[in-house]
There are 2 protein chains.
Amino acid sequence: MKIEIDHQSAVPLHIQVENLLRELIRQPEYQAGKLLPNELELAKKLAVSRTTLRQAINKLVYEELLVRKKRLGTKVAQPKMSSKSMNWLSFTQEMLARGITVKNYELHISWVYPDEQIAAFFDIRTDKKVMKLERLRGNTQEPFVYFISYFHPRIGLTGDEDFKKPLYEMLEQEHYFVATLSKEEISSRTADKMIAAKLEIDLGSAILFRKRFVYDQAERPMEYNLGYYKAESFIYTVESRRTP
Amino acid sequence: MKIEIDHQSAVPLHIQVENLLRELIRQPEYQAGKLLPNELELAKKLAVSRTTLRQAINKLVYEELLVRKKRLGTKVAQPKMSSKSMNWLSFTQEMLARGITVKNYELHISWVYPDEQIAAFFDIRTDKKVMKLERLRGNTQEPFVYFISYFHPRIGLTGDEDFKKPLYEMLEQEHYFVATLSKEEISSRTADKMIAAKLEIDLGSAILFRKRFVYDQAERPMEYNLGYYKAESFIYTVESRRTP
DNA sequence: CCCACTTAATTGTACATACATAATTACATA
DNA sequence: TATGTAATTATGTATGTACAATTAAGTGGG
């Protein structure tokens, strides 16, 4: 791995340092409780100020990947099983893990003007069109989720993609965008006319609504995804552990 | 409220500032999207350096209580009730962290024979009674969640507890059971007659159903909890990061 | 009215510096 | 040995400073 910081780069130093540290603590020699070099030394080695280094460390401390200990140093935290560090899965993979073969029932691509919310998320103006991908998906028996995805123009999707292979795999291999962080909001709704028709359920049935915000390595917004799940076919599970 | 920072105090300035900001943004004049004074001005007013102020603001930004916007300023985020920054918090603490005062609207204790599912979870026989705690809870305005909890007999609850203090605090201090692991299943439902009446909503309204299995340090089952949340008042959020 | 351009306000980045504080270790002393 | 004390060493706190980047809002021309 590289332990080089590029002072000419457009990406801020503290971000570079942060990424470097993320990589560093994943190395076998830095597992579980190992101490990082002390701040002064590390700052010197990376040729950044201690302030900048601390800014990076702080972020990882906040994410509980690192733990500070006075007089001792900063050490790598015990990995936790929790939603925070949960392995990130694409829908296809997520379903595969549940033993479900995914089938696309409908697929529709269009270019639309984003509404305020979407524009705000992508941090673009509402008069710049974005690609909208609608997919009705499910197992081999029946559709059970209706997805609406919007993609940041930066990614450069044309609409000619066939979406045969998993989306993130395609984005990664052909567009060099690696989905790294996702934030989700799960809430409950009832089916309106449109959704009821898509999912072939009664009007007013329970729907699990899952809104996902997907970011790339640099934590830039990538995808804005809405998922309407048939209630009976999808239960969201979370495991969290207290760490004293 | 006091807008005073005590430079003599033993508690660090950035903590004082952080607390002050937390209070500040809870004031009616600082709701939803209102801008804070800009950093230079605020730093001057509080008589701390901009660096120190930023340290405090950063923490709240990380907790998503504040949102920075270049050229515009820093504004108060849309309040989201969620389980996000809670690593492990009881409902009371979770709500407190968001500046919501929890109120119990109803509280009912009974001893019942567990059904098959509950008995299986607790690993006891169905002819051994367990304590059932029903609570209708919410903020000071209205109830928004109906909880049904079952407790393992091992814990030794009598039913004479007053449930004035947070449940897990009580279990920890008086019964020496420390809730350590929770597994949750989140799904969507519509309100049946009973729930609609409890939460004062229409029959068939969307309900977020949250089933929690709580374990102690030794990963022994402790609590079996069902929560019926008014859809509008509760959004479940999850953040996950890919670790390759 | 709409577009391109300017400007100014605000956050963002980065550094150097100084002293405080906590905890371990080493050492002196009873 | 046990105990108190000082030195050491890491993080913690705090400030001042400087300039960069972003972008909302204002400006003027077509």
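Reminder, nothing fancy here: chain letters follow the sequence lines and each chain counts from 1. Predicted, not measured: the structure shown is a model, and the values here were computed from it.
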Checking C/dG12, C/dA16, C/dA14 against the side chain of A/L13 (C-beta onward), the nearest is C/dA14
Rounded to whole Å, how long is the line connecting atom [atom1] of [X] with atom [atom2] of [N]?
| X | N | atom1 | atom2 | value |
| --- | --- | --- | --- | --- |
| A/R54 | C/dC15 | CZ | C1' | 15 Å |
| B/R50 | C/dA9 | CZ | C1' | 12 Å |
| A/N58 | C/dT13 | CG | P | 14 Å |
| B/E39 | C/dT13 | CD | P | 11 Å |
| B/K75 | C/dT11 | NZ | P | 13 Å |
| B/K69 | C/dT11 | NZ | C1' | 12 Å |

The residue, A/V48 or B/L36, whose nearest nucleotide of DNA chain C is more 5′ is B/L36
Per nearest nucleotide of DNA chain C, the residue lying toward the 5' end, B/G73 or A/H7, is B/G73
Side-chain H-bond candidate by donor/acceptor type, B/N58 with B/R68, under 3.5 Å = yes
For residues A/Y146 and A/E106, is any side-chain donor paired with an opposing acceptor at under 3.5 Å?
-> no
Counting C-beta onward and ignoring hydrogens, is there a side-chain heavy-atom pair between [X] and [Y] closer than 4.5 Å?
| X | Y | value |
| --- | --- | --- |
| A/T190 | B/S205 | no |
| A/L167 | A/R135 | yes |
| B/R154 | B/P221 | yes |
| A/E169 | A/T92 | no |

Give A/T52 one of three labels, base, sugar-phosphate or nothing, depending on what nucleic acid heavy atoms sit under 4.0 Å from its own.
-> sugar-phosphate
Look at the rings of A/Y215 and A/F121 and say which category their plane angle falls in: under 30° parallel, 30 to 60° tilted, over 60° perpendicular.
-> perpendicular
If you round to the nearest 0.5 Å, how far is CG of B/D162 from CG of B/N104?
-> 10.5 Å
Within less than 4.0 Å of OP1 or OP2 of C/dG12, is there a side-chain N or O belonging to B/R68?
-> yes
Could you list the protein-to-nucleotides 22-24 of chain C atom pairs, N/O on both sides, closer than 3.5 Å?
| from | atom 1 | to | atom 2 | distance (Å) |
| --- | --- | --- | --- | --- |
| C/dA22 | O4' | A/K70 | NZ | 3.4 |
| C/dT24 | O2 | A/R71 | NH1 | 2.7 |

Where does the chain A footprint on DNA chain D start and end, counting 5' to 3' with a 4.0 Å heavy-atom cut-off?
-> D/dT8 to D/dT23
ring-ring contact (aromatic ring centres under 6.0 Å, His included) assessment of A/F147 paired with A/F91 = CA-CA 10 Å; A/F147 282 120; A/F91 177 74; 4.9 Å; yes
